Structures are given as C-alpha cells and as structure tokens.
Amino acid sequence: MDSGNKPFFGSGLKKLKKKDPITISLLRTLQELIGSMFMFGKIGTGKTVSMLSLAGLYHDNPQRKYKIIDIWGGDRNEHLYWGLPSNQIKYWNYVKKTLKLDKDGPKQYQVTYYYPLMKKLRNNLPFNPPFVTSKIFTIPIRDITHTDFALITGKVGENSAAHWKNVINESKKNDSASKIVNNYRKKISKNNAIYNSILHPLINEGILQEDNCQFNFDIKKIAEMLDDQETISVFSLDFVDEEYKLFIIGYIIRKITEALDKKRRETIEIIREASKFFKVTDQSIVPDRYKVMKSYLSDWIRMGRRGFHPFLDTQSPSETSGLLDGQQDMTLLGKMPGMKDREMATFQLIRDGLMDPDIQRPKIANLNPGQFCFCPSGEKVSFNYLLLPKCRYWQEGNGNFYDNIWGKEVTKWINFDKEREDLMNKLKDDSELIKEENIKDKKGSKLINVKEIGIVKNIIEISENLNQNSPPINLNVEQKIQTIKKVKKYRGFQW
C-alpha cells in the first residue's frame, strides 16, 4: 500500500470511531495460545500482512510475551522485512489522530537473521546494531536422523536408515563430517540416494559439520534463541537450493520441539503459503519431500500444548480439510467470494451455534482488505480489523530486498568471508586426509587377501597330507578368518 493512501481498513474507519477502537480493531484482549492460528482468504485479503501484525501484537503484549520465529517467508521472502520499521508514516499519523492510539506506530524490532551456510550465500548480510544482526549457521552431522533425510529424498529405506544409525553410533564427537560420510559410503551401494543426494553435496556446501563447529545450530543454540523472547528470529533460505529448503526447515522445527520438551516456552512460528504443503496429496505430481513435509507439519501443529504455536495462511479451507479440526486456537476468515469455501469454513461454527448462517456467513464474501471474521475456539465469531504491522512489509514493486531496500535505506552490512574460507579450507584438508586413508585401506586389503589365500592353500595341502577332510575351496572371508583362527588354536591341524 502506498504511504499516501487511506488507512488499511478504509471506509470502515468512520464506524470504528463511534465505538471502542481497541475492542474493534485490536481483537479485544489477546487470548492465550494453546494451539495454532490459521488465516484463510483469497489473494488480496491481506493475509500475510495481517499475520505480521497479529504476531507483533502477541510479541509486544507486556503481559504475555511470545517468542517470534519466522521460518518460511514464501516465494516473496516476506520474512526479511521484520528488520525495518514501518514506512507508512501518513497511515500511522492518521491512526493516532483518529483512534487516539498514541503508543502505536512504526517500531524498530530487535531482529536476528539466520542464514544456513551455502556456497550461494551472498557476501554482505543485513547489519544495523544494536537492533539487527545476521548470523550464519551449520548443522552438526551427528544430529541428523533419517527423518531429516526424508525431506529431501522422500521416504528412506530401512537399510539406509539402519546403516546411517550404525555409522552415527560408531562415530566419535571429534570425527570430522567428511570421515563420518566416508564411513557411511563404505557400507552402502554406489547409487545410494542418501549419499548421492544429501551427504555428498551438503558436505561440499559446508553446512554439515562436526560436533565442535562454532556455527552449529545445535540444541544449546536453539535453547539460547528461545530464551531470548525480545529478539525476533528470522530464518532466511534465500540462498538455498530448492531441494534442500525443507530439509533445513524440518531440522530447525525438530530441534525447536525438542528444546520445548525440555523447557516450556511460548513461541509463534510463522509459515507463509502453507497451501504449498497442505494441498499435496498422495496422488500429487510433486517431489515426495512435500508429501513428507505435509505429514510432519500435521504432527507439529498438534504440539501446541508444548508451547509450539504455528501461524499459517492459505487461500481455501479445503486445502487443510481433516488436518486441523480442533487443533487451532483461532481461525481468521478473510474475504471468500466462493460459496463452497464459505460453507466449508463455517459449517462447524454454525452447527455449534457460534455463527449466524443468514447474517454473518454471507458477510464473509465482501470483507475489506485487513478485515477478518475472528473465530476463537469455542466462542462466538466477531468481525474485526487488523492495523498494519509496526514493521515494514512486502509491497508490489519492492524487488530484491538486499539491493533495493536494505542496500538503499540502511547500507550497513556484516560478512563472514574469513569464517567461510576457514571452514572450506578445513573441509578440503579433511577430504584429502580421507582420500589418503582410503588408498591405504585398499592397499592393506589387497595384502591381507593375498596372505589369507596363501595360508588357506597351505592348510588345504597339510590337511590332504594328513588324510583329513579338506576345508571348502570356495571360502568366503568369514570362513577364511575362522579357519585361520582354528589353525592357531589347534597346532596339530585337527579339524
């Protein structure tokens, strides 16, 4: 919205002036979250902007602080705008004058941007102390499970999962990531999907590291992030290849839920364009990783009582049918011109006597941008407006955030060139060391085999001379070893 336009709630503002503006436009009193929050509505209803606003209200409420974690920014990278205060100066002046909301207005939030270490990562990252900083992070390879792999390859076979578990159990804390991957490679076939599609490429990217890497986003770092309620944590996957995004998101959410199991905090996880996952079916022609993500999200949404409260948006309730019933604290219905969508979204509400089917349901077809039908769990519905967020938000024509927004308005940056170079040099050294060890292993294996064959031949000859039964000529390695052990134990070659 252009800063010179009328306020977000447009013509409804005059009606609000005659009533309590806090009650009407700011949702009454924010209820304590137990589950999730979902927003429905066609394109143009202001879902993602309103989600920012609602999350900000929960964060800023002095009586009930919630930690904000912006996990998925969608195709337009809308998550990046937390780091800038609203530029809607005329809008906020109008709001303050009309609604007497003197304490509201543009706000500079404390924000930390988290960037996974990938080769495509840009050199300069947003930095504006003491409010905004950026950090790079890696993933400890020994912390990865086959459930994480499934967010790249789809369902993981039992053998591959078992091999990986064994490799991790046999590894040591100071083993390099390259060594662990090499140990796994020795156990599997050449066309193994986990090695070829995940471990090998991500090791080369630098994001998978050993336990002692200072940039690891492990359970300790996760806990520290969750304890810092004031800072809004934004995970930016702008520079991650598409096939690895769900893997990183899944790992982050899994570690968050593990940390919440150990210590309860109240968190809000923002996931935009959730329809990308929920409208997937078993018959959908999409990569299997999206089907896996749909299953995982459904489980995570049911974890609200642990302090995990996803805020999600999608266009139609049909995309989440059967997945969320009874799990959400609050459903917000934006403009829905389609009768089928309105009926699906309101069926249970009308059945429970929480909505008037003749007056309130038809109203959903003509809601203004930023106006929603609020449906708290177990309570009667109400129609309210949401003010614009106090931070900046994505607008048509913004273009590249780094070049067109941050680069022109803030122009302060931080880079990790030295740290990235050190990590890649270590990776190179580790890889060379592994190659040398593999060469030695191959040479040693050949010498052992020659020696074994010679010993077995001698045993056969001696056994024949003693007129005893010879051991089988076609011995496998295990049989050879057992035969040699017998020779050492029974020096008289008694079989």
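Quick caveat: nothing in here was measured; it's all calculated off a predicted structure. Note that these values count all heavy atoms, side chains included, but never hydrogens, waters or copies made by symmetry.
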Give, for atom [atom1] of [X] and atom [atom2] of [Y], the distance between the pair rounded to the nearest 0.5 Å.
X: Asp241; Y: Tyr244; atom1: CG; atom2: OH; answer: 6.5 Å
X: Ser233; Y: Tyr113; atom1: OG; atom2: OH; answer: 11.5 Å
X: Arg342; Y: Ser316; atom1: CZ; atom2: OG; answer: 12.0 Å
X: Thr411; Y: Asn124; atom1: OG1; atom2: CG; answer: 11.0 Å
X: Asn87; Y: Glu409; atom1: CG; atom2: CD; answer: 7.0 Å
X: Ile136; Y: Gln214; atom1: CD1; atom2: CD; answer: 8.0 Å

Distance-only, no hydrogens or angles: does the [X] side chain make a donor-acceptor pair with backbone N or O of [Y] under 3.5 Å?
X: Ser298; Y: Lys294; value: yes
X: Gln108; Y: Gly83; value: yes
X: Lys380; Y: Gly353; value: yes
X: Asn77; Y: Gly73; value: no
X: Asp148; Y: Ile144; value: no
X: Asp352; Y: Leu354; value: no
X: Lys67; Y: Asp228; value: yes
X: Thr133; Y: Phe127; value: no
X: His309; Y: Gly35; value: yes
X: Asn166; Y: Ala162; value: yes

side-chain contact (heavy atoms from CB on, under 4.5 Å), that's the test. Do Arg122 and Asn415 meet it? Break it down for me.
CA-CA 9 Å; Arg122 62 180 285 126; Asn415 71 65; over 6 Å; no
Exactly one candidate in Lys221, Lys263, Lys220 meets salt bridge (Lys or Arg N to Asp or Glu O under 4.0 Å) with Asp227; the answer is Lys263
Considering non-hydrogen atoms only, spot the tightest contact between [X] and [Y] and give its length.
X: Pro317; Y: Phe40; answer: CA-CE2, 3.4 Å
X: Met330; Y: Pro376; answer: SD-N, 3.7 Å
X: Ala55; Y: Ile68; answer: O-CD1, 3.5 Å
X: Ile414; Y: Pro126; answer: CG2-O, 4.0 Å
X: Gly334; Y: Ile364; answer: O-CG2, 3.4 Å
X: Leu333; Y: Cys375; answer: CD1-SG, 3.9 Å

Please determine whether salt bridge (charged side-chain N to carboxylate O under 4.0 Å, His left out) holds for the pair Asp104 and Lys390, giving the CA-CA distance in whole Å, both sets of side-chain angles, and the decisive distance to 0.1 Å.
CA-CA 8 Å; Asp104 285 298; Lys390 299 173 185 177; 3.3 Å; yes
Would you say [X] and [Y] make side-chain contact, with heavy atoms under 4.5 Å?
X: Leu151; Y: Met293; result: yes
X: Ile270; Y: Ile69; result: no
X: Gln209; Y: Ile141; result: no
X: Leu80; Y: Ser236; result: yes
X: Arg142; Y: Glu210; result: no
X: Ile222; Y: Ile256; result: yes
X: Tyr184; Y: Ile168; result: no
X: Glu419; Y: Phe215; result: yes

Please list, chain by chain and in numerical order, all residues satisfying side chain to side chain donor-acceptor pair (under 3.5 Å) with Ser86, sequence neighbours excluded.
Trp92
Does [X] come within less than 4.0 Å of [Y], counting only side-chain N to carboxylate O?
X: Lys42; Y: Asp341; result: no
X: Lys155; Y: Asp288; result: no
X: Asp403; Y: Lys408; result: no
X: Lys173; Y: Asp211; result: no
X: Glu396; Y: Arg76; result: no
X: Asp143; Y: Lys255; result: yes

Pair Ile248, Val240 - check side-chain contact (heavy atoms from CB on, under 4.5 Å), show working.
CA-CA 9 Å; Ile248 295 174; Val240 177; 3.8 Å; yes
Please say whether more than 12 non-hydrogen atoms of neighbouring residues, nucleotides or ligands are located less than 6.0 Å from [atom1] in [X].
X: Lys65; atom1: NZ; answer: yes
X: Gln63; atom1: CD; answer: no
X: Lys340; atom1: NZ; answer: no

Using the ring centroid of each side chain, check whether Tyr402 and Phe239 are separated by less than 6.0 Å.
yes
Flag the pair Phe401 / Tyr81 as yes when their ring centroid distance falls below 6.0 Å, and as no otherwise.
yes
Test ring pair (Phe, Tyr, Trp, His ring centres under 6.0 Å), reference His59, set Tyr109, Tyr66, Phe311, output is Tyr109
The ring pair (Phe, Tyr, Trp, His ring centres under 6.0 Å) partner of Phe235 among Trp82, Tyr115, Phe217 is Phe217
Test the [X]-[Y] pair against the cation-pi criterion, namely NZ or CZ under 6.0 angstrom from the six-membered ring centroid and within 45° of the ring axis.
X: Arg254; Y: Trp300; answer: no
X: Arg272; Y: Trp72; answer: no
X: Lys363; Y: Phe383; answer: yes

side-chain contact (heavy atoms from CB on, under 4.5 Å) assessment of Leu260 paired with Thr267
CA-CA 9 Å; Leu260 293 177; Thr267 65; 4.0 Å; yes
Could you give me the CA-CA distance, side-chain angles and deciding distance for Gln315 and Lys47, then say whether side-chain contact (heavy atoms from CB on, under 4.5 Å) is met?
CA-CA 9 Å; Gln315 292 186 40; Lys47 295 188 301 294; 4.2 Å; yes
